[in-house]
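To start, the structure itself, in structure tokens.
Order of the sequence lines sets the chain letters (A, B, ...), proteins ahead of strands, with each chain counted from 1. In what follows, every heavy atom counts, from backbone to side chain, and hydrogens, waters and symmetry copies are set aside.
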Amino acid sequence: MKQRIAALLQEAITNLVVAGHLPADLPTPELTRPRQEGHGDFSTNFPLMAAKAVGRAPRILAADIQGALGHSPWIERVEIAGPGFLNFFVADSALLGLIPEILAAGKHYGELPRKSTKILLEFVSANPNGPLHVGHGRGAAYGDSLGRVLACAGYEVQREYYVNDAGRQMDILALSVWLRYMEAAGTTLVFPETGYRGAYVQDIAHALREKVGDTLQRPLSDILIEAGDQDPDALTDARIARLKAALGTQYQDLHGFGLKAMLADIEDDLKAFGVHYDRWYSERALLESGAIERALDRLRAHGDLYEEGGAQWFRATHYGDEKDRVVVRENQVTTYFASDIAYHLDKYERGFDGLIDVWGADHHGYIPRVMGALTALGLKPEQLQVLLVQFAILYRGGVRAQMSTRSGDFVTLRELRAEVGNDAARFFYVLRKSEQHMDFDLDLAKSQSSENPVYYVQYAHARIMSVFRQVEERGLGRGDLAQCDFTLLNTPEESALIRTLDRYTEVIEDAAAAREPHQVAYYVRELASNVHAYYNAHAFLSAPTGLREVRLALIGAARHVLANGLGLLGVSAPETM
RNA sequence: GCGCCCGUAGCUCAAUGGAUAGAGCAACGGCCUUCUAAGCCGUUGGUUGCAGGUUCGAUUCCUGCCGGGCGUACCA
């Protein structure tokens with residue numbers, strides 16, 4: 001409906017221009033949904049925006065346009081309001097065609113025409129050095145819903161998880177697993193502060209021991225050398241180096257075992273959370289393919305690399321970053337940043353029209369250097385959009401909970417899912433705008449889960465399904481759509497419900513454009529509200545024949561939109577509750 | 001110190017530069033002999049952190065303060 005009204009408005013303005021009543025150079029008219037109910041279904045502030053260019057008072061200009069609009073079956077009336085708004089009131093009859101349209105499209109209703117835009121969406125990409133925690137859960141829920149919304153809006157979306165399987169943190173995991181493995185074999189030791197202390201490390205160690213027996217045992221004193229005056233990080237690196245030397249080629253078995261176990265856990269966790277990926281992209285594979293060297297060579301050829309202190313630096317300051325960044329360390333090992341340059345180069349070379357990275361907000365300082373590197377490589381940085389997901393601050397018993405992978409003191413996504421359920425967790429996450437700091441009260445989410453707004457929406461869907469079950473049981477039948485007289489739907493509740501249904505495709509479009517799946521969550525809640533109000537105000541089964549069929553058609557349409565909207569959020573639409 | 005994000009009802013959060021700033025929860029008062037009361041109807045609740053500026057119009061944009069989060073590695 002919005003497009004129809006927009007077209008009418010544009011036509012009226014064009015006619016005035018052609019007739020010489022308006023200059024040709026005017027701002028583009030915008031049509032919005034007013035907040036205030038009395039302001040109609042659509043509103044434009046065009047007279048306000050164009051008043052200066054036209055040289056006429058806004059309300060006078062509004063009257064001119066109102067006169068040029070003429071009559072349309074879609075519009076009941078057009079009002080001039082406030083300082084010069086034009087408010088459009090859509091005729092109820094114009095909206096009734098929507099119901100059979102929704103029923104015909106069913107689960108595909110809301111899918112917008114395909115756009116020829118290919119988007120690569122990367123999200124979560126948590127290091128596989130521990131289970132996903134509730135902070136990752138937010139990124140997962142947001143990224144996945146965004147992917148679904150974009151796909152629904154017609155974009156071609158590829159979803160990717162970048163696996164950081166090559167860095168130092170994975171070596172620390174390997175060391176941690178090995179120490180627990182030695183413990184499992186009966187060795188007593190003091191577990192280092194810098195290691196990963198979570199219980200999952202012990203689980204991996206036990207599984208490892210079952211698989212390889214004692215073959216990875218080495219004298220502890222060879223590895224767990226004492227600190228001396230070394231700082232903890234240097235000590236950890238020294239221990240890793242010794243472990244690598246002691247295990248030789250077997251180190252890869254250890255490293256690979258820990259990685260595989262963690263990755264399997266993460267993959268399984270996300271899958272159970274309804275989050276799916278098209279590709280798991282390995283940093284190590286990138287390294288082994290020589291892609292990093294190629295990317296660095298390209299920067300070098302462009303004069304953007306230099307050597308200092310034995311390390312290779314990228315001239316990030318030339319591209320707006322606050323300092324230059326190391327890409328190859330003094331010890332000749334490339335940095336994570338070097339990998340990421342190569343990874344993003346690869347993304348560009350794969351021919352996408354748009355790249356979206358969903359990052360935790362703690363990585364925000366990383367954006368300028370990545371954008372800088374892309375510019376240096378001769379790529380268009382504006383093709384990459386980095387979306388930051390703010391931290392979820394956890395409260396347990398009114399006290400802020402710590403989130404540390406190292407100490408193992410964190411609430412895992414798996415625990416959250418088990419305690420509050422996938423549907424509630426996903427809805428809760430996506431109800432907040434991603435860049436908004438979020439307080440996650442675990443006690444509230446757990447103990448009052450039945451008051452979670454997700455049930456409000458699901459209940460609306462289940463209620464409709466229940467009505468349809470009774471229709472079947474009583475042998476009433478749903479009637480023939482072609483025979484229906486939809487003009488019988490004339491109560492305020494019906495009018496409100498139809499108007500909300502009419503907004504659905506606009507919500508998809510807006511949510512996709514703004515990368516804001518929370519808009520869908522708010523919409524679906526509002527739709528549920530309309531459904532509940534309707535349900536309480538009017539009878540379906542006992543309505544007279546004729547009226548009954550059109551009412552059933554209306555709630556049938558509402559049911560599809562509820563289910564489709566929930567689907568975009570990765571939330572189920574149950575038949576019963 | 002510098003950079004990024006944020007500050008809206010008691011709490012959790014919405015609001016493409018628009019009109020009287022909205023929901024949910026909590027609180028209070030009503031509604032089940034009828035399709036699921038996880039529901040509906042109503043009431044209460046605000047100097048949009050503070051001070052300026054831009055303009056027809058600011059929660060939104062700009063500047064400065066105040067408060068919170070994050071970052072400021074040859075970690076990822």
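- Between A/Asn129 and A/Ile172 the shortest side-chain heavy-atom distance does not fall below 4.5 Å.
- Judged by distance alone with a 3.5 Å cut-off, no donor-acceptor contact links the side chain of A/Thr335 to the base of B/rA73.
- In this structure B/rC66 sits in the anti conformation; its chi angle is more than 90° from 0.
- When the P atom is used for both B/rA26 and B/rA38, the distance is 14 Å, rounded to whole Å.
- Each of B/rC35, B/rA76, B/rC6 was ranked by its minimum atom distance to the side chain of A/His363; first place goes to B/rA76.
- In this structure, A/Arg463 reaches the B/rA37 phosphate: one of its side-chain N or O atoms is under 4.0 Å from OP1 or OP2.
- Taking atom P in both B/rG10 and B/rC50, the straight-line distance is 13 Å, to the nearest Å.
- When the P atom is used for both B/rC6 and B/rG17, the distance is 13 Å, rounded to whole Å.
- When each of B/rG39, B/rG18, B/rA37 is scored by its nearest atom to the side-chain atoms of A/Asn536, the top-ranked nucleotide is B/rG39.
- The side chain of A/Asn87 lies closest to B/rA19 when the candidates are B/rA19, B/rA15, B/rG39.
- Rounded to whole Å, the separation between the P atoms of B/rC70 and B/rC31 comes to 50 Å.
- Checked against B/rA19, B/rA23, B/rG18, the side chain of A/Ser43 finds its nearest nucleotide in B/rA19.
- Ring to ring, A/His518 and A/Tyr142 are not that close: their centroids are 6.0 angstrom or more apart.
- Spacing between atom CG of A/Leu296 and atom C1' of B/rC74 amounts to 14 Å, rounded to whole angstrom units.
- Defined by atom type and a distance below 3.5 Å, a donor-acceptor pair is missing between the side-chain atoms of A/Asp357 and A/Tyr162.
- B/rA19 atom P lies 16 Å from atom CG of A/Leu86, rounded to whole Å.
- Comparing the P positions of B/rG68 and B/rG49 gives an interatomic distance of 16 Å, to the nearest angstrom.
- Nucleotides B/rG46 and B/rA14, compared at atom C1', are 15 Å apart to the nearest Å.
- One atom, CZ of A/Arg548, and another, P of B/rU34, lie 20 Å apart when rounded to the nearest Å.
- Side-chain atoms of A/Glu322 stay outside donor-acceptor range of the base of B/rU72, with no qualifying N/O pair under 3.5 Å.
- Between B/rA73 and A/Lys323, a contact under 4.0 Å exists linking OP1 or OP2 to a side-chain N or O.
- Remark: nothing in residues 505-517 of chain A comes within less than 4.0 Å of RNA chain B through any heavy atom.
- Of all nucleotides listed (B/rG24, B/rG18, B/rC35), B/rC35 comes nearest to the side chain of A/Gln470.
- A side-chain N or O of A/Tyr306 and one of A/Asp324 form a donor-acceptor pair less than 3.5 Å apart.
- On the C1' atoms, B/rU34 is 38 Å away from B/rC11, given to the nearest whole Å.
- Closest to the side chain of A/Tyr535, from the set B/rC6, B/rA37, B/rA76, is B/rA37.
- Contact check, A/His364 against B/rU72: no side-chain N or O comes under 4.0 Å of OP1 or OP2.
- B/rG69 has no stacking from A/His437 on its base ring, since the centres under 5.5 angstrom apart and planes within 30 degrees of parallel are not both found.
- Other residues, nucleotides and ligands contribute over 12 non-hydrogen atoms within 6.0 Å of the CD atom of A/Glu382.
- The phosphate of B/rA19 (OP1 or OP2) has a side-chain N or O of A/Arg35 nearer than 4.0 angstrom.
- Residues forming a ring-ring contact (aromatic ring centres under 6.0 Å, His included) with A/Tyr534 (at least two apart in sequence, or on another chain): A/His538, A/Phe540.
- One atom, CZ of A/Phe85, and another, P of B/rC56, lie 14 Å apart when rounded to the nearest Å.
- Between the CG atom of A/Leu173 and the C1' atom of B/rA76 there is a distance of 13 Å, given to the nearest Å.
- When distances are taken from the side chain of A/Leu48 to each of B/rC35, B/rA19, B/rC56, the shortest belongs to B/rC56.
- Closest to the side chain of A/Tyr366, out of B/rG18, B/rA76, B/rC35, is B/rA76.
- Closest to the side chain of A/Tyr456, from the set B/rA76, B/rG39, B/rA73, is B/rG39.
- Contact between the side-chain N/O atoms of A/Gln436 and the OP1/OP2 oxygens of B/rA14 is found at a separation under 4.0 Å.
- Under 4.0 angstrom from either OP1 or OP2 of B/rC6 there lies no side-chain N or O belonging to A/Lys433.
- Each of B/rG24, B/rU72, B/rG18 was ranked by its minimum atom distance to the side chain of A/Asn45; first place goes to B/rG18.
- With sequence neighbours excluded, the residues that form a side chain to side chain contact (heavy atoms under 4.5 Å, CB included) with A/Arg77 are A/Glu79, A/Phe89.
- Side-chain atoms of A/Asn530 and A/Glu493 include no donor-acceptor pair closer than 3.5 Å.
- Remark: the separation of the C1' atoms in B/rA19 and B/rC56 is 13 Å, to the nearest Å.
- Judged by distance alone, the side chains of A/Thr236 and A/Thr194 do bring a donor and an acceptor atom under 3.5 Å apart.
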